[in-house]
2 protein chains.
Amino acid sequence: MAQTDTVTRILDTAEVLFAERGFAETSLRTITSKAKVNLAAVNYHFGSKKALIQAVFARYLDPFSERFHQALDELEVQYRDEAIPLEVLLETLARTVLEVPAERNSLKVFMRLLGLAYTQAQGHLRRYIQEHYGNVFSRFSDLVRRATPELPEAERFWRLHFMLGTVIFTLSGLDALRDIADKDYHEHVSVRDLIRRLRPVVVAGMQAPLPDDALKVAG
Amino acid sequence: MAQTDTVTRILDTAEVLFAERGFAETSLRTITSKAKVNLAAVNYHFGSKKALIQAVFARYLDPFSERFHQALDELEVQYRDEAIPLEVLLETLARTVLEVPAERNSLKVFMRLLGLAYTQAQGHLRRYIQEHYGNVFSRFSDLVRRATPELPEAERFWRLHFMLGTVIFTLSGLDALRDIADKDYHEHVSVRDLIRRLRPVVVAGMQAPLPDDALKVAG
DNA sequence: GAATGTTTTAAACATCCGTTTATTCCACGC
DNA sequence: GCGTGGAATAAACGGATGTTTAAAACATTC
């Protein structure tokens, strides 16, 4: 039974704590004590705290990357030379994101981690993700380009990131928002509910009219 | 000259460092040495690091809150019993956000701080902001309700937060995104450029068609 | 100009951190 | 059975953190 499930226990505990408090605010002592594992185990198995952080991400992003590539392969076969419609691309992305962590029903954790990767300094993490998973984003980005030929290059870039912000911000801050929503509207939303609500907003955002070329934004 | 500009020097230095690295990653020693102030000055003038963090926010949010209330007062006079159009509300919000930090040309810092307030744990900060500035948000939220009577209550709540996510995520991660954009598109964007690009996306997102009532979101 | 109250300073304090070391444990192959 | 090597453990290390203390410097008032 024992063998290397120490590694798994560390990862399981670390991802939850990281998602709850961030990286700097989560000490190795908190992780190892909650995981009922010796303090030195982290440095023994992973080498350093930084490497542990990267390993936590790899456990989500490796399967995600593989599945998403695969899903895009199928779409490209299906659509031959036609451009894949934007809605289909977004739908596929959403489905893959939902599938990956579903097996450990930890979508919330996954989203929190993505949000942290963006917002917490941690230069090493950004470099790691860019280096290991940059090509998935590039491929998706290229397909979106073909799906929205009317958008100027730069405009599409920014809108993709706007929408990324919408989704990550919402799903990663979900708990806080859900508390407010529960209290005010007595309507409990699931993550899948939220994604259903997000879809039309994201699509409309991507297809919004181009901004005025006005030189100034306000009075 | 000296007197209590120690307090100002601490605040000026702290807000920049917090915005760059986050709260936990910024030590009082870094702040005080860069501000050329004694280490104990923070605890003497503010009481604790937490209180310093809150003071940094208050210096932005107090003027913002006051000006925004004032701007909404004027709009309510101007529109009498009619509903204020959504675009006008968003425009007013954007203008006020731009005005407040303009005097110290630190809009970027302001946005980074807002993003941190959302994403970094710091429960004391969330409570502080909620307690001191919750009513501004409530008022704005009520006006948006009158401007979008066709939206179900809960749907509007979520969309407002979607759009909040879009804006805060984008402007708070601005530097990283700008690096990519500069490299790929050789087009340097200013914060005002970005806000110009954000506007149609936000408006379109708020006015997107309602989601299907489909029970499931994907395959 | 002495007294008073506020601000600044240097030093120490008590914790907490990530990492390393040295030892012990335990399973497996010979 | 014994020895070998990978894994677990307890303890310590060096350094950084927020906070407190007690003395010095300064400004203000009478």
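Protein chains get the first letters and strands the later ones, always in sequence-line order, with residue 1 at the start of each. Values below: all heavy atoms of this structure, side chains included; hydrogens, waters and symmetry mates excluded.
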For residues 153-167 of chain B, the side chain to side chain donor-acceptor pair (under 3.5 Å) pairs (sequence neighbours left out) are A/T166-B/T166, A/R197-B/E155, B/R145-B/E153, B/T148-B/R156, B/E153-B/R156, B/E155-B/R159

Between CG of A/L28 and P of D/dA10 the distance, given in whole Å, is 17 Å

Hits for ring-ring contact (aromatic ring centres under 6.0 Å, His included) against B/F68, two or more places apart or cross-chain, chain-then-number order -> B/F64, B/F140

Between CD of B/E25 and P of D/dT17 the distance, given in whole Å, is 12 Å

Within the pair A/T6 and D/dA7, is there a side-chain N or O less than 4.0 Å away from OP1 or OP2? no

When B/Y44 and A/F23 are each assigned the nearest nucleotide of DNA chain C, the 5'-most assignment goes to B/Y44

- Task: Considering just the side-chain nitrogens and oxygens of B/H45, establish if one lies under 4.0 Å of OP1 or OP2 belonging to C/dT6.
- Result: no

Rounded to whole Å, the CG-P distance (A/D5 to C/dC26) equals 16 Å

To the nearest angstrom, the CZ-P distance between A/F46 and C/dT19 comes to 13 Å

Inset, instruction - Compare side-chain N and O positions of A/N43 against OP1 and OP2 of C/dG18 and report whether any pair is under 4.0 Å apart. - result: no

Contacts of A/T30 meeting side chain to side chain donor-acceptor pair (under 3.5 Å) (sequence neighbours excluded), chain-then-number -> A/S27

_With a 4.0 Å limit, can you tell me whether B/S27 has a side-chain N or O closer than that to the phosphate oxygens OP1/OP2 of D/dA16?_
no

Residues in residues 30-40 of chain B with a heavy atom under 4.0 Å of DNA chain D, by number, are B/L39, B/A40

Rounded to whole Å, the NZ-C1' distance (B/K49 to D/dT20) equals 17 Å

Result for ring pair (Phe, Tyr, Trp, His ring centres under 6.0 Å) between B/F110 and one of B/F57, B/F18, B/Y60 points to B/Y60

Those residues at least two apart in sequence (or on a different chain) that pass salt bridge (Lys or Arg N to Asp or Glu O under 4.0 Å) with B/D62 are none

Residues passing the side chain to side chain donor-acceptor pair (under 3.5 Å) test with B/R139, sequence neighbours excluded, are B/H69, B/D73, B/E76

